[in-house]
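Ligands are counted one by one from 1 in listed order, and the atoms in each one are counted from 1 as well.
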Amino acid sequence: MSEKFQFMEEPLRERRERGELRELRQLQFMPNSRVLLQGKELINFSSNDYLGLAERPELRQRAEEYMQAYGAGVRASRLVTGNIQAYRTIEEKLARLKGSEAALLFNSGFQANVSLIPMFAGPNSLILMDRLIHNSMIQGALLSRAKLSRFRHNDLDHLQEQLEKAKEKGYDRILILAESVYSMDGDRADVAGLKTLSDRYEAILLIDEAHATGVLGPQGMGLASKMGVDLVMGTFGKGLGSFGAYLACSAKVREYLINYCSGLIYTTALPPQVLGSIEAALDLVPTLEEERKILADKAESFRREIQKIGLSPLDSSTQIVPVLLGESQRALDCANYLKERGYLAMAIRPPTVEEGKARLRIAFNLLHDQKAIDGLIEALRSFVEAS
Ligand SMILES: *Cc1c(COP(=O)(O)O)cnc(C)c1O
């Protein structure tokens with residue numbers, strides 16, 4: 001191997017020796033939240049498609065119609081010639097559903113966070129972020145070159161302490177970053193509390209609703225809907241079964257971003273088929289109130305059952321339920337044990353979560369039937385008894 005790439009050897013060896021080497025595994029989708037992995041059919045408890053929308057004919061059909069009408073791609077960025085009619089329909093619908101003045105689409109959640117955060121904080125600003133926020137927000141915060149500080153997870157007293165201290169420091173802006181539902185713990189933020197604090201200290205609040213959109217809040221449109229939060233972003237790739245991201249904001253912020261946000265200006269617009277499936281998903285989501293209740297009940301009864309066998313779901317109160325296992329090896333063993341029995345659930349290990357807090361992350365969706373959930377609980381019970 002050429003000397004130029006010598007620097008990769010050490011970090012890769014380190015991963016390999018710790019048994020933490022990541023690999024891309026090929027899999028195939030089967031109906032009803034099942035996947036074919038290494039020749040074995042598994043029930044997928046690691047999918048973010050919480051409402052099962054990725055499989056719905058409504059989304060596929062609209063995607064196909066849009067591709068037939070507009071072509072396979074949009075040929076340019078939105079500011080050049082990529083801004084087809086579907087963008088306007090979707091942004092108006094979103095603003096209405098989120099209760100915001102305006103909305104703006106982005107190509108992905110990662111891209112949205114990375115390109116949005118430097119628009120609101122610069123080298124003379126302070127960013128206060130919850131300890132558990134998603135990597136895409138951390139990358140955006142680093143790019144902004146602002147001073148960064150973390151507050152303890154969901155601890156508004158700690159946040160207030162930091163806001164108080166920041167008062168005399170002469171920052172030009174303070175930006176608070178939080179999620180409404182945390183992806184590894186399945187717990188919720190106190191959105192109203194965050195908003196009150198941000199207003200009191202004149203800080204800008206950005207809330208990421210990647211895991212709440214489609215699932216929680218008014219019409220399933222997220223916990224920060226209709227709350228008057230400054231900036232609310234969310235994604236279409238999880239609960240909406242499609243791809244892409246949005247920001248719900250004021251008309252002024254939208255205008256500012258269209259003029260200055262590189263991640264929007266210098267990138268090809270989303271392809272028509274993606275816009276079609278987003279539009280169809282936004283039509284469906286408000287009608288799924290009953291389904292959301294069923295989903296919440298599944299997760300709630302699972303939490304009760306695993307506590308009976310001595311496993312902790314931490315502070316989960318959503319469709320995402322961590323099953324705390326402790327050491328990395330135990331989490332891996334458990335994931336493998338489940339896999340042998342036909343259930344796919346990812347082991348989440350440090351550094352993604354704290355040392356000693358390795359876990360399985362179980363994500364429920366509407367396509368899991370009671371038999372699958374009972375089977376999963378039974379497998380967890382026999383793992384606990386055998387270990
Ligand atoms: C998945 C996720 C993102 C990234 O969204 P993509 O559309 O998948 O790029 C951003 N924030 C959070 C909290 C997420 O869970």
Side-chain angles (χ1 to χ4, degrees), residues 24 44 46-51 53-54 59 90 94 98 103-120 127 129-144 150 153-154 175-189 191 194 205-217 221-225 229 231-249 261 263-264 267-271 273-275 277-278 281-282 285 316 318-322 346 348 351-353 359 361-365:
L24 292 170
N44 188 0
S46 292
S47 164
N48 297 321
D49 181 19
Y50 306 120
L51 302 171
L53 294 192
L59 272 73
I90 293 169
L94 255 171
K98 298 289 287 189
L104 190 60
L105 296 201
F106 284 83
N107 284 9
S108 79
F110 194 99
Q111 186 174 353
N113 281 336
V114 162
S115 41
L116 278 172
I117 293 168
M119 290 287 100
F120 299 100
I127 296 181
M129 46 197 191
D130 187 287
R131 198 174 284 284
L132 293 192
I133 55 165
H134 192 259
N135 183 276
S136 55
M137 286 194 166
I138 297 173
Q139 300 304 328
L142 289 170
L143 272 179
S144 76
R150 293 180 176 219
H153 177 52
N154 272 345
L175 177 63
I176 301 171
L177 304 179
E179 294 176 32
S180 56
V181 170
Y182 286 87
S183 58
M184 295 303 144
D185 287 50
D187 58 351
R188 307 173 191 218
V191 175
L194 284 164
L205 176 60
L206 169 58
I207 297 208
D208 180 332
E209 299 233 69
H211 295 278
T213 308
V215 182
L216 298 165
M221 285 307 293
L223 296 171
S225 289
V229 170
L231 307 166
V232 180
M233 69 78 66
T235 65
F236 302 118
K238 287 167 181 153
L240 268 70
S242 178
F243 184 73
Y246 65 85
L247 178 73
C249 57
C261 184
L264 178 81
T267 189
T268 303
L270 286 167
Q273 58 274 35
V274 167
L275 293 167
S277 57
I278 293 172
L282 285 176
V285 162
S316 159
T318 65
Q319 75 283 3
I320 301 165
V321 186
M346 291 296 164
I348 311 286
T352 307
V353 292
R359 62 195 67 178
R361 176 183 180 275
I362 307 286
F364 289 97
N365 70 56

ask   = Between Gln111 and ligand 1, which residue portion shows a heavy-atom distance shorter than 4.0 Å: side chain, backbone, both, or neither?
value = neither
inquiry  = Is the ring pair His134/Phe110 parallel, tilted or perpendicular, if the boundaries are 30 and 60 degrees?
reply    = perpendicular
inquiry  = Quick check on contacts: which atoms of ligand 1 are under 4.0 angstrom from a heavy atom of Ser136?
reply    = 10 (C), 11 (N)
remark   = Per-atom filter on ligand 1: closer than 4.0 angstrom to a heavy atom of Glu179 are 13 (C)
Among all protein heavy atoms, pick out the one at the shortest distance from [atom]; state its residue, atom name and that distance to 0.1 Å.
atom	answer
atom 14 (C) of ligand 1	Lys238 NZ, 2.8 Å
atom 11 (N) of ligand 1	Asp208 OD2, 2.6 Å
atom 9 (O) of ligand 1	Phe110 N, 2.9 Å

task = Go through the steps for Tyr182 and His211 under the test ring-ring contact (aromatic ring centres under 6.0 Å, His included), then give the verdict.
result = CA-CA 7 Å; Tyr182 286 87; His211 295 278; 9.5 Å; no
message = I'd like the name of whichever of Ala245, Ser108, Gly109, Ser183 reaches closest to atom 5 (O) of ligand 1 through any heavy atom.
response = Gly109
Rounded distance [0.5 Å steps], CG in Leu59 versus OG in Ser242 = 6.5 Å
inquiry  = Using a plain distance cutoff, I'd like to know if His211 has any nitrogen or oxygen under 3.5 Å from a nitrogen or oxygen of ligand 1.
reply    = yes
ask   = Do Tyr246 and Phe236 make the cut of ring centroids closer than 6.0 angstrom?
value = yes
key: Polar side chain donor-acceptor pair, His153 to Asp185, under 3.5 angstrom   = no
Closest non-hydrogen atom pair, Ser180 against Val191 = CB-CG2, 4.2 Å
